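Structure, as structure tokens:
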Amino acid sequence: MDTGPAQQAPIVARGVRKRFAGNARPALDGVDLTVQAGRVCALLGGNGAGKTTMVRILTTLTRADEGTVRVAGWDVVGQATQVRASIGLVGQYAALDELLSARENLELFGRLAGLNRHRARVRASELLETAGLTEVGRRAVGTFSGGMRRRLDLATSLITTPAVLFIDEPTTGLDPQARHDLWASVRVLADAGTTVLLTTQYLEEADELADDVVILREGAVIAQGTQEDLKSLVGEPRWELRRPTLEDVYLHLHATRPAGAPAS
Ligand SMILES: Nc1ncnc2c1ncn2[C@@H]1O[C@H](COP(=O)(O)OP(=O)(O)O)[C@@H](O)[C@H]1O
Ligand SMILES: [Mg+2]
């Protein structure tokens, strides 16, 4: 039965498998993932873990070999158009016009998203403000630092306030200050109620931003839960003065499960 976007979790993936031709091992080997409305979920894993492949499948850009995926209530294969209308995607590489100013880029994206000239201008102002770029709004994007670009890229994906936002490695390659600024932008979104799935290689980033964490290794989920769930895996803090961090969870998982072993 197809009920459309009823009260179901905005991201539901079951048994997702994907193998690229010529690769010995699958990029994704039966991934289950659920993200509830309004949550920020971090898909955490090293290089080649399958993060980008998962995001591409969730955003209709790549088709899974097996499994079912619903985003914003729609099936990513049979109802790709509806999925695309409901989501925003910030990829690993920005699609900005270097010669245009930040404001012009935002107005252009607004027009492409179907806003009239006036609405596009108003929305551009709002988004420059959210991204902390009002002061530099008239500067050509070609002169922007990596951190400013990432924030502008994030802003362009918010033109129409998507129900679900995907961000692939938001801060890879950024310096610490730019990273903190971007974290602040993501938090503004999360506080406004947008459901966010972000991928990251950094424990610190997941720790900082995510309500829920899914740890991916070699295409398989090796642990998932709220930050508190995962940290409790490591045990109660005893005589130690500090609470467990995600890094403890990571070390614990690696110590107790050999690479490639099933999650349960
Ligand atoms: N288009 C592709 N063709 C062949 N192999 C790919 C392709 N995209 C990804 N892979 C492989 O799939 C695995 C997962 O890649 P990816 O999803 O990019 O991981 P991550 O984003 O976590 O670094 C890697 O082994 C990678 O080499
Ligand atoms: Mg990637």
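Fair warning: this is a prediction, and the values are worked out from it, not measured in the lab. When reading the values below, keep in mind they use all heavy atoms of this one structure, side chains included, and skip hydrogens, waters and symmetry mates.
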Atom pair CG (Leu251) and CG (Leu203), whose distance is rounded to the nearest 0.5 Å: 8.0 Å
Spacing of CG belonging to Asp153 relative to OG belonging to Ser185, to within rounding of 0.5 Å: 11.5 Å
By side-chain hydrogen bond (donor to acceptor under 3.5 Å, both in side chains) - contacts of Thr156 (at least two apart): none
N/O donor-acceptor pair under 3.5 Å between Thr171 side chain and Leu174 backbone: no
Side-chain heavy atoms of Val214 within contact of Cys41, under 4.5 Å: yes
Counterpart residues, side-chain hydrogen bond (donor to acceptor under 3.5 Å, both in side chains), relative to Thr199 (two or more places apart): Asp168
Side-chain heavy atoms of Arg39 within contact of Thr226, under 4.5 Å: yes
Salt bridge (Lys or Arg N to Asp or Glu O under 4.0 Å) involving Arg63 - partner list, sequence neighbours excluded: none
Pairs flagged by salt bridge (Lys or Arg N to Asp or Glu O under 4.0 Å) wherever residues 126-143 is involved - sequence neighbours left out: Arg123-Glu126
Side-chain touch Val90/Leu198, heavy atoms, less than 4.5 angstrom: no
Candidate pair Leu58 and Leu33, rule side chain to side chain contact (heavy atoms under 4.5 Å, CB included), full reasoning: CA-CA 10 Å; Leu58 292 167; Leu33 174 70; 4.1 Å; yes
Non-hydrogen side-chain atoms of Leu44 and Tyr250 separated by less than 4.5 Å: yes
Asp65 side-chain N/O to Arg19 backbone N/O, donor-acceptor pair under 3.5 Å: yes
Minimum side-chain heavy-atom gap Asn47-Gln201 below 4.5 Å: yes
Euclidean distance, Leu189 CG relative to Ser157 OG, rounded to 0.5 Å: 7.5 Å
Exam field: side chain Asp207 to backbone Glu204, donor-acceptor pair closer than 3.5 Å: no
Side-chain donor or acceptor of Asn105 paired with backbone N/O of Asp97 under 3.5 Å: yes
Check: Leu158 and Thr130 side chains under 4.5 Å, non-hydrogen atoms: no
Cluster check Val164, Val12: I/L/V/M/F/W/Y, side chain < 4.5 angstrom: no
Spatial distance of atom CG (Leu128) from atom CG (Leu152) [nearest 0.5 Å]: 7.5 Å
Residues which pass side chain to side chain contact (heavy atoms under 4.5 Å, CB included) with Thr59, listed by chain and number, not counting sequence neighbours: Val55, Leu61, Ile87, Leu89, Phe166
Minimum side-chain heavy-atom gap Gln79-Arg70 below 4.5 Å: yes
Closest non-hydrogen atom pair between Ala206 and Leu246, with its separation: CB-CD1, 3.7 Å
Salt bridge (Lys or Arg N to Asp or Glu O under 4.0 Å) contacts in which one or both residues fall within residues 107-120, not counting sequence neighbours: Arg103-Glu107
Listed partners of Ala113 passing side chain to side chain contact (heavy atoms under 4.5 Å, CB included), at least two apart: Ile159, Thr160
Ring pair (Phe, Tyr, Trp, His ring centres under 6.0 Å): pairs with one or both residues in residues 180-219, sequence neighbours excluded: His180-Trp183
Contacts of Arg84 that satisfy salt bridge (Lys or Arg N to Asp or Glu O under 4.0 Å) - sequence neighbours left out: none
Main-chain N/O of Gly15 paired with Asp32 side-chain donor or acceptor, under 3.5 Å: yes
Thr34 vs Arg14 side-chain heavy atoms within contact, under 4.5 Å: yes
Residues forming a salt bridge (Lys or Arg N to Asp or Glu O under 4.0 Å) with Arg56, sequence neighbours excluded: none
Shortest non-hydrogen contact between Ala190 and Val40, atoms and distance: CB-CG2, 3.4 Å
Rounded distance (nearest 0.5 Å) linking atom CD of Gln36 with atom CD of Gln8: 10.5 Å
Nearest non-hydrogen partners of Leu253 and Ala223, listed with the distance: CD1-CB, 3.6 Å
Shortest non-hydrogen separation from Val16 to Ala64 and the atoms involved: CG1-CB, 4.0 Å
For the student: nearest non-hydrogen atoms of Arg149 and Leu96, plus distance: O-CD1, 3.8 Å
Reported CZ-to-OG1 distance for the pair Arg179 and Thr172, which is rounded to 0.5 angstrom: 7.0 Å
Those residues that, when tested against Gln227, pass side-chain hydrogen bond (donor to acceptor under 3.5 Å, both in side chains) (two or more places apart): Lys231
hydrophobic_cluster_shared for Met148 and Val188, side chain cutoff 4.5 Å: no
Gly46 backbone acceptor or donor facing Lys51 side chain under 3.5 Å: yes
ILVMFWY cluster, Phe109 and Leu100 together (side-chain gap under 4.5 Å): no
Test side chain to side chain contact (heavy atoms under 4.5 Å, CB included) applied to Ala163 - qualifying residues, sequence neighbours left out: none
Hydrophobic cluster membership, Val77 vs Val83, 4.5 Å side-chain cutoff: yes
Atom of Ala9, atom of Val35 and distance for their closest heavy-atom approach: CB-O, 3.4 Å
